[in-house]
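Inspection log for the structure reproduced underneath, given as structure tokens.
Just so it is clear, the model here is predicted, and its values are computed rather than measured.
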Amino acid sequence: MKKFIYGLFFVLCACSFRSPSSSFYMMSSNGLSAVSERKMNVAVARVKVSDLLDRAQMIAYEKNSDQVQILEFNRWGESFPEMLQATITNDLIAYLPNSFIKRTYFDNGHMLYGVNVEINSMKAYPGDKVILSAWWNIANSGGIVLKRQQVSYEVSVKGNSIQDMVDAQSEAVHKMSRDIAEALVKL
């Protein structure tokens, strides 16, 4: 009987020391308006990110500092590069609704244009701002770069929650996607 009571005690203790559950977040492309009715075929390549960003956990920076926090229990719903690729693709679908836009992994296939993005940094300061720094280019089906741009976007975080930070990160990506869409229309 004592073994049973001790066993029950240890099980209850173990249950009380569980780690907190993780929260998972995704970027959304809802509410975006078309920039052009032009028809074109566009392939969006997998987005390149730094090793710091290429993880499941979200990254936050201390205000007025470059000290990094890895938010162990606040995670992206899928790999960060894949989510960025999906977000940019969905953004371009919204911005160019008559076009055929798809994600690609190896080559552009028979697509007229290919979009490549490299995220240099995405600094998220909770309750303050998000700064996205990136390079993007648009290449033709032969791989010749037609347009290349280095960009930086700063978006205010409208609250103190992690969701507010994710919303600001999404908005920064939307701004970049809109610039890509406007560049595509001019080609």
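The closest side-chain heavy-atom distance from Met111 to Ser141 is not below 4.5 Å. Side-chain atoms of Glu82 and Arg103, non-hydrogen and from C-beta on, do get closer than 4.5 Å to each other. Using a 4.5 Å heavy-atom cutoff, the side chains of Val166 and Met58 are in contact. In this structure, the side chains of Ile131 and Ser152 come closer than 4.5 Å at one or more pairs of heavy atoms. Two residues are said to be in side-chain contact when any heavy atoms from C-beta on lie closer than 4.5 Å; Thr104 and Val44 fail this criterion. Residues Gln57 and Leu71 have side chains not in contact (no heavy-atom distance under 4.5 Å, counting atoms from C-beta outward). When side chains are defined from C-beta on, Met176 counts as touching Ile119, because their heavy atoms get closer than 4.5 Å. Using a 4.5 Å cut-off on side-chain heavy atoms (C-beta onward), Val157 and Pro126 make no contact.
For the atom pair CD1 of Ile101 and OG1 of Thr89, the computed distance is 8.0 Å after rounding to the nearest 0.5 Å. Rounded to the nearest 0.5 Å, atoms CG (Leu32) and CG (Asn90) are 9.5 Å apart. Between atom CG of residue Asn116 and atom CH2 of residue Trp135 there is a gap of 13.5 Å, rounded to the nearest 0.5 Å. Here the CG atom belonging to Asp54 is positioned 10.5 Å from the CD1 atom belonging to Ile59, to the nearest 0.5 angstrom. Rounding to the nearest 0.5 Å gives a distance of 11.0 Å between OG1 of Thr87 and CG of Leu92. The structure places CD of Glu62 at 4.0 Å from CD of Gln69, a figure rounded to the nearest 0.5 Å.
Sequence neighbours left out, the pairs with a member in residues 168-187 that pass salt bridge (Lys or Arg N to Asp or Glu O under 4.0 Å) are Lys158-Glu171, Arg178-Glu182.
Ile88 and Met26 fall within the same hydrophobic cluster, where Ile, Leu, Val, Met, Phe, Trp and Tyr residues are linked whenever their side-chain heavy atoms come under 4.5 Å apart, directly or through other members. Tyr125 is connected to Val68 through a chain of hydrophobic side-chain contacts under 4.5 Å among Ile, Leu, Val, Met, Phe, Trp and Tyr, so both are in one cluster. Linking Ile, Leu, Val, Met, Phe, Trp and Tyr residues whenever their side-chain heavy atoms come within less than 4.5 Å leaves Val155 and Ile180 in two separate clusters. The cluster map of Ile, Leu, Val, Met, Phe, Trp and Tyr, joined by side-chain heavy atoms under 4.5 Å apart, puts Val145 and Val151 in different clusters.
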Between Lys147 and Trp136, is a side chain to side chain contact (heavy atoms under 4.5 Å, CB included) present by the stated rule, with each step listed? CA-CA 8 Å; Lys147 174 79 174 174; Trp136 58 261; 3.8 Å; yes
From CA spacing to verdict: side chain to side chain contact (heavy atoms under 4.5 Å, CB included), Asn41, Tyr113: CA-CA 6 Å; Asn41 296 330; Tyr113 300 108; over 6 Å; no
How far apart are the C-alpha atoms of Tyr105 and Gln85, what are their side-chain angles, what is the distance that settles it, and do they pass the side chain to side chain contact (heavy atoms under 4.5 Å, CB included) test? CA-CA 10 Å; Tyr105 296 95; Gln85 181 187 27; 3.5 Å; yes
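Here the side chain of Arg38 pairs a donor or acceptor atom with the backbone of Val185 at under 3.5 angstrom.
For the ring-ring contact (aromatic ring centres under 6.0 Å, His included) test, residues two or more places apart in sequence or in another chain that qualify with Phe80 are Trp76. With sequence neighbours excluded, the residues satisfying salt bridge (Lys or Arg N to Asp or Glu O under 4.0 Å) with Lys123 are Asp66. Residues forming a side chain to side chain donor-acceptor pair (under 3.5 Å) with Glu78 (at least two apart in sequence, or on another chain): none. Partners of Gln67 according to the side chain to side chain donor-acceptor pair (under 3.5 Å) rule, which considers only residues two or more places apart in sequence or in another chain, do not exist here. Residues satisfying the side chain to side chain donor-acceptor pair (under 3.5 Å) criterion with Gln163, sequence neighbours excluded, are Asp167.
Residues Met122 and Leu53 come closest through the heavy atom pair N-CD1, 3.8 Å. Minimum heavy-atom separation, Ala172 to Leu132: O-CD2, 3.7 Å. Taking every heavy atom of both residues into account, Ala183 and Ile138 meet most closely at CB-CD1, 3.8 Å. Across all their heavy atoms, Ala124 and Gln169 have their closest contact at CB-NE2, 3.7 Å. Scanning both residues, Ser29 and His174, for their nearest heavy atoms gives CA-CE1, 3.8 Å.
Residues Asp91 and Ser177 have side chains that bring a donor and an acceptor to within less than 3.5 angstrom of each other.
No more than 12 heavy-atom neighbours from other residues, nucleotides or ligands sit within 6.0 angstrom of CZ on Arg148.
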